[in-house]
Trainee: 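I'd like to ask you about the structure that follows.
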Number of protein chains: 2
Amino acid sequence: MLISTKGRYAIRVMIDLAENRQSGYVPLRDVAERQQISEKYLESIISLLSKAGLVEGIRGKGGGYRLTREPEEYTAWEILNVANGTMAPVACLKDGAPECDRHDICKSLSLYENIYELMELYLGEITLPQLVSGEFTTAEEFAGKKL
Amino acid sequence: MLISTKGRYAIRVMIDLAENRQSGYVPLRDVAERQQISEKYLESIISLLSKAGLVEGIRGKGGGYRLTREPEEYTAWEILNVANGTMAPVACLKDGAPECDRHDICKSLSLYENIYELMELYLGEITLPQLVSGEFTTAEEFAGKKL
DNA sequence: GTTCAACCTATTTTCTTGATAGGTTTTTCG
DNA sequence: CGAAAAACCTATCAAGAAAATAGGTTGAAC
């Protein structure tokens, strides 16, 4: 599966934080409750987002998490990459993967690279506010069939 | 991973069969040797392709596999779907998956549906001869940036 | 009737992912 | 100060999927 549970949850967390950002720092507990996701599991996910700098947390009473930038500065591509680990459609395109023996002769490598790039182009255009509102470019529009 | 080893191998098998189709029925043994893939493992993959009608096999001496149609009638989308089981980017879009509780309220469902569709649009355009030759629409071209 | 090759079923092994558990630090506030 | 709230950290377990292997049966050709 290209997008794991971690990735899906991360999107939901980011949407939740965007929707509730006027309340300052949001405790993970609240997010977990609203999203009906185990708080413990969410912890491991938001930890990735935090380490990557997409959100910041402060500890102690009154603490919680918040976005580090304006919502429109996040793309679905970035969020998914961080939480999911990779968005490579095949193992051999994963970052840090050992170069495959067949690298030079592989006829399908280019196909996978293009899938990868297509995803980046599409998801890189979709911003957090668009995810919040549900209004974003459709696949058909993106493919230029309707423009 | 969106495309499993099965999917990748299936693409290679189809390319191999296309390249060698003037030799009539091609024994799996030959494909396995050329592609450097365990014959036993290939068996399980070509079995999927055969059941789905993409290739046909005949038994006995002089037997083997061959394509059932003209190469240009196969798309990467079809091949990958058959061998990979699904091309759904998330579990909840898999064929036969139980409808998720959050179906109505899920803000990200539409995103995943569009990823799915984008993939179908792109891979549905790429034919077997294009895979053989390595000449097909790039992601950039597809996204309309260069047209 | 032997050989070749598809076809079938089951099992094992390996790996990733999902999920849980149990703690420690840091901060606020009474 | 000390209790509560919250992030943060590390380890481990559980489940499932994917990769790969094993050992056969059936059918066709020579």
Side-chain angles (χ1 to χ4, degrees), chain A residues 1-10 12-13 17 23-33 35-66 68 80 83-86 88-92 94 97, chain B residues 1-10 12-13 17 23-33 35-66 68 80 83-88 90-92 94 96-98:
Chain A
M1 215 58 30
L2 179 67
I3 301 173
S4 65
T5 302
K6 270 200 175 99
R8 279 185 291 118
Y9 284 3
R12 287 168 63 185
V13 168
L17 288 181
S23 356
Y25 286 93
V26 179
L28 198 53
R29 181 188 165 77
D30 295 0
V31 178
E33 209 154 286
Q35 299 296 326
Q36 294 282 78
I37 302 173
S38 141
E39 184 180 344
K40 272 298 184 187
Y41 191 33
L42 268 197
E43 237 181 52
S44 67
I45 292 161
I46 206 153
S47 155
L48 298 168
L49 297 171
S50 176
K51 277 173 186 154
L54 305 212
V55 305
E56 64 178 337
I58 70 165
R59 306 205 223 193
K61 212 167 191 174
Y65 291 96
R66 75 168 181 198
T68 53
L80 287 174
N84 216 50
T86 179
V90 290
C92 45
K94 238 192 306 190
Chain B
M1 216 58 29
L2 179 66
I3 301 173
S4 64
T5 302
K6 270 199 176 100
R8 279 184 291 119
Y9 284 2
R12 285 167 65 185
V13 168
L17 288 181
S23 356
Y25 287 93
V26 180
L28 198 54
R29 182 189 165 77
D30 295 1
V31 179
E33 209 154 285
Q35 299 296 326
Q36 293 282 80
I37 301 175
S38 141
E39 184 181 344
K40 273 297 185 187
Y41 191 33
L42 268 197
E43 238 182 50
S44 67
I45 291 162
I46 206 154
S47 155
L48 298 168
L49 297 171
S50 176
K51 278 173 185 154
L54 305 212
V55 304
E56 65 178 338
I58 69 166
R59 306 204 224 195
K61 212 168 190 173
Y65 291 97
R66 74 167 179 198
T68 53
L80 286 174
N84 217 51
T86 178
M87 285 295 279
V90 290
C92 45
K94 239 193 303 191

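A note on names: the letters A, B, ... follow the listed sequences, proteins ahead of strands, and every chain is numbered from 1.
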Trainee: A side-chain contact here means heavy atoms from C-beta on lying under 4.5 Å apart; do Tyr65(B) and Val26(B) qualify?
Mentor: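 No - every pair of side-chain heavy atoms lies 4.5 Å or more apart.
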
Trainee: Can you measure Asn84(A) atom CG to dT17(C) atom C1' for me and round it to whole angstrom units?
Mentor: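 Rounding to the nearest Å, CG of Asn84(A) and C1' of dT17(C) are 11 Å apart.
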
Trainee: Starting at CG of Leu17(A) and ending at C1' of dA7(D), how long is that distance when rounded to a whole Å?
Mentor: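 Computing the Leu17(A):CG to dA7(D):C1' distance gives 14 Å.
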
Trainee: Rounding to an integer number of Å, can you tell me how far Leu48(A) CG sits from dA19(C) C1'?
Mentor: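 The distance from CG of Leu48(A) to C1' of dA19(C) comes to 14 Å, rounded to the nearest Å.
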
Trainee: Is the closest side-chain heavy-atom distance between Lys6(B) and Tyr9(B) below 4.5 Å?
Mentor: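 When only atoms from C-beta onward are counted, Tyr9(B) and Lys6(B) do not touch, as no gap falls below 4.5 Å.
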
Trainee: Calculate the interatomic distance between Lys51(A) atom NZ and dC8(D) atom P; express it in whole Å.
Mentor: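 From Lys51(A) NZ to dC8(D) P: 9 Å.
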
Trainee: For nucleotides 1-5 of chain C, print each protein N/O atom paired with a nucleotide N/O atom at under 3.5 Å, atom names and distance only.
Mentor:
{"unit_1": "dC4(C)", "atom_1": "O2", "unit_2": "Lys61(B)", "atom_2": "N", "d": "3.2"}
{"unit_1": "dA5(C)", "atom_1": "O4'", "unit_2": "Gly60(B)", "atom_2": "O", "d": "3.4"}

Trainee: Calculate the interatomic distance between Ile45(A) atom CD1 and dT17(C) atom C1'; express it in whole Å.
Mentor: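 Those two atoms, CD1 and C1', are 11 Å apart.
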
Trainee: With a 3.5 Å distance limit and no angle check, can you tell me whether Thr86(A) reaches the backbone of Lys94(A) through a side-chain donor-acceptor pair?
Mentor: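 No: the side chain of Thr86(A) does not pair with the backbone of Lys94(A).
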
Trainee: How about Ile3(B) and Met87(B): do any of their side-chain heavy atoms sit closer than 4.5 Å?
Mentor: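 SC-SC contact between Ile3(B) and Met87(B) confirmed.
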
Trainee: Among residues at least two apart in sequence or on other chains, which ones pass salt bridge (Lys or Arg N to Asp or Glu O under 4.0 Å) with Glu56(A)?
Mentor: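 Scan of Glu56(A) (salt bridge (Lys or Arg N to Asp or Glu O under 4.0 Å), adjacent residues dropped) gives Arg66(A).
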
Trainee: With 3.5 Å as the limit, what N/O pairs link the protein to nucleotides 19-23 of chain D?
Mentor:
{"unit_1": "dA19(D)", "atom_1": "OP1", "unit_2": "Thr5(B)", "atom_2": "N", "d": "2.6"}
{"unit_1": "dA19(D)", "atom_1": "OP1", "unit_2": "Thr5(B)", "atom_2": "OG1", "d": "2.4"}
{"unit_1": "dT21(D)", "atom_1": "OP2", "unit_2": "Ser38(B)", "atom_2": "OG", "d": "3.4"}
{"unit_1": "dG23(D)", "atom_1": "N7", "unit_2": "Lys40(B)", "atom_2": "NZ", "d": "3.4"}
{"unit_1": "dG23(D)", "atom_1": "O6", "unit_2": "Lys40(B)", "atom_2": "NZ", "d": "2.1"}

Trainee: How many whole angstroms separate atom OH of Tyr25(B) from atom P of dA29(D)?
Mentor: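 The answer, rounded to whole Å, is 10 Å.
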
Trainee: Could you grab the distance from atom CE of Met1(A) to atom OG of Ser4(B), nearest 0.5 Å is fine?
Mentor: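 The OG atom of Ser4(B) is 9.5 Å from CE of Met1(A), to the nearest 0.5 Å.
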
Trainee: Side chains of Arg12(A) and Ile37(A): closer than 4.5 Å at any heavy-atom pair?
Mentor: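 When only atoms from C-beta onward are counted, Ile37(A) and Arg12(A) do touch, with a gap below 4.5 Å.
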
Trainee: Okay, side chain of Asn84(A), backbone of Leu2(A): is any donor-acceptor separation there less than 3.5 Å?
Mentor: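 It does hold such a pair.
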
